[in-house]
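Since this is a predicted model, take the numbers as computed values, not measurements. Only heavy atoms go into these numbers, but all of them, side chains included; no hydrogens, no water, no symmetry mates.
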Amino acid sequence: MRVLIIGCGYVGRPLGLELARLGHEVFGLRRTAVDPGESLPCFTGDVAVLDDLKKLPGPFDWVVNTVSSSKGGVEDYQRAYFGGTKNILEWLGACPPKKYVYTSSTSVYAQNDGSMVKESSPAEPATETGVILRATEQLLLDAANTIKFPAVVLRVAGIYGPERGHLFLQYLRDEATIAGQGERLINMIHRDDVAGAIIAALKSGRPGEIYNAVDDEPVPQIHFFRWLSETLGKNMPPFGASPTERKRGVTSKKISNRKLKMELGYQFRFPTFRQGYTAEIQRLQDAGKL
């Protein structure tokens, strides 16, 4: 397949390398210039600029959108996600791909009662950025229903992996705190499993469908820190919520990945945070960073 990865960064680049390893012809699109030694062919452009998309050498069989807002605010979300998706739909309208996969976020779920959440559960985000993500999803779902645009939506949980993982990195810097009594549930997925889930969606995802991309074990925050403490031989963080943690801790839910595994047959490389962070801790130790 001829594949385009829009937003060829933390997730998109390893995804592209794996697709290339599998024999596909892969191209990336980034807002910033790439290293001249980059092994993955990348174009420079912005999804928020329609002319940048029109310059790309299509057609493409598969298109993946893993664009990030670069931790921006509401305006950045509106520009990168909603505006970018409108441009993509216009650009691909005349020559749609065989499959289009968009990585959304499980932040569109606002449940905070610890309940089990699946794709058919209410997605009524309480934040402005979450509302934009949900509206972007709906653009694609509507296009799938009306013009048969082959869009698949992945709602991705908190991504961790090499050099990434908010609570883990805070813990290593002795900056972590346990919010409340530590009962808030955390839903995670390793970067490599995000890439794997995207490939599964490209191969087998049904247009117009949503799949939760999250590992097998939603974990209470205090249990996560307890495992890190026992594994690394460090003290537990103190109790008390920082403003950052209060912002991140507005929801608490158990997100189900059953549909991803049952319909797409996806098997996780890192089924829980224990396997994923064991690999990251080993990597850091080998690099002399622990």
State, with a plain yes or no, whether a side-chain heavy atom of [X] is found less than 4.5 Å away from one of [Y].
| X | Y | result |
| --- | --- | --- |
| Val156 | Val11 | no |
| Thr66 | Ile6 | no |
| Val64 | Leu202 | yes |
| Val47 | Asp52 | no |
| Phe225 | Asn235 | no |
| Leu50 | Lys86 | no |
| Leu15 | Ile199 | yes |
| Thr32 | Thr44 | no |

Kindly compute the distance separating [atom1] ([X]) from [atom2] ([Y]), expressed to the nearest 0.5 Å.
| X | Y | atom1 | atom2 | answer |
| --- | --- | --- | --- | --- |
| Ile255 | Gln111 | CD1 | CD | 8.5 Å |
| Gln267 | Leu260 | CD | CG | 11.0 Å |
| Ile5 | Leu19 | CD1 | CG | 5.5 Å |
| Leu185 | Ser252 | CG | OG | 4.0 Å |
| Ser104 | Leu154 | OG | CG | 9.0 Å |
| Thr103 | Asn65 | OG1 | CG | 6.0 Å |

**Request:** Anything under 30° is parallel, anything over 60° is perpendicular, the rest tilted; go ahead and classify Tyr277 against Phe168.
**Result:** tilted
**Request:** Evaluate the ring planes of Phe60 and Phe27, with Trp represented by its six-membered ring, and classify them as parallel (under 30°), tilted (30 to 60°) or perpendicular (over 60°).
**Result:**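 Geometry flag for Phe27 against Phe60: perpendicular rings.
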**Prompt:** Looking at Phe43, is Arg30 sitting on its ring face, NZ or CZ under 6.0 Å from the six-membered ring centre and within 45 degrees of the normal?
**Reply:**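 No; the conditions do not both hold, so Arg30 does not lie above the ring face of Phe43.
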Are the side chain of [X] and the backbone N or O of [Y] linked by a donor-acceptor pair below 3.5 Å?
| X | Y | answer |
| --- | --- | --- |
| Asn145 | Asp142 | no |
| His24 | Met1 | yes |
| Ser256 | Val117 | no |
| Gln221 | Ala179 | yes |

**Message:** Tell me whether Lys98 at atom NZ has more than 12 heavy atoms from other residues, nucleotides or ligands lying less than 6.0 Å away.
**Reply:** no
**Request:** Inspect the surroundings of CD in Gln138 and state if more than 12 heavy atoms from other residues, nucleotides or ligands are less than 6.0 Å away.
**Result:** yes
For [X] and [Y], which heavy atoms make the closest approach, and how far apart are they?
| X | Y | answer |
| --- | --- | --- |
| Pro207 | Ala144 | C-CB, 4.5 Å |
| Pro97 | Pro150 | O-CG, 3.0 Å |
| Ala279 | Phe270 | CB-CE2, 3.9 Å |
| Val214 | Ala157 | CG2-CB, 3.7 Å |
| Cys95 | Pro59 | SG-CB, 3.5 Å |
| Leu40 | Cys8 | CD2-SG, 3.5 Å |

Transitive ILVMFWY side-chain link [X] to [Y], under 4.5 Å:
| X | Y | value |
| --- | --- | --- |
| Leu264 | Ile210 | no |
| Phe82 | Tyr77 | yes |
| Val194 | Val67 | no |
| Ile186 | Leu172 | yes |
| Leu167 | Phe239 | yes |

**Prompt:** Between Glu137 and Val108, is a side chain to side chain contact (heavy atoms under 4.5 Å, CB included) present by the stated rule, with each step listed?
**Reply:** CA-CA 10 Å; Glu137 291 181 355; Val108 299; 4.0 Å; yes
In plain terms, say whether [X] and [Y] are close enough for a salt bridge, that is, a side-chain N and a carboxylate O under 4.0 Å apart.
| X | Y | value |
| --- | --- | --- |
| Arg155 | Glu119 | no |
| Arg191 | Glu280 | no |
| Lys99 | Asp61 | no |
| Arg269 | Asp192 | yes |
| Glu163 | Lys289 | yes |
| Asp113 | Lys253 | no |
| Glu209 | Lys259 | yes |

Is there a donor-acceptor contact under 3.5 Å linking the side chains of [X] and [Y]?
| X | Y | result |
| --- | --- | --- |
| Thr272 | Gln275 | yes |
| Tyr109 | Asn212 | yes |
| Asp215 | Asn257 | no |

**Message:** Between Leu140 and Tyr100, does the side chain to side chain contact (heavy atoms under 4.5 Å, CB included) criterion hold? Intermediate values first, please.
**Reply:** CA-CA 9 Å; Leu140 292 167; Tyr100 178 93; 3.8 Å; yes
**Message:** I'd like to know whether Thr231 forms a side chain to side chain contact (heavy atoms under 4.5 Å, CB included) with Ile281, so could you lay out the CA-CA distance, the side-chain angles of the two residues, the decisive distance to 0.1 Å, and finally the verdict.
**Reply:** CA-CA 9 Å; Thr231 301; Ile281 289 167; 3.9 Å; yes
**Prompt:** Run the side chain to side chain contact (heavy atoms under 4.5 Å, CB included) check on Tyr102 and Tyr81 step by step: do they pass?
**Reply:** CA-CA 10 Å; Tyr102 168 68; Tyr81 296 116; 3.6 Å; yes
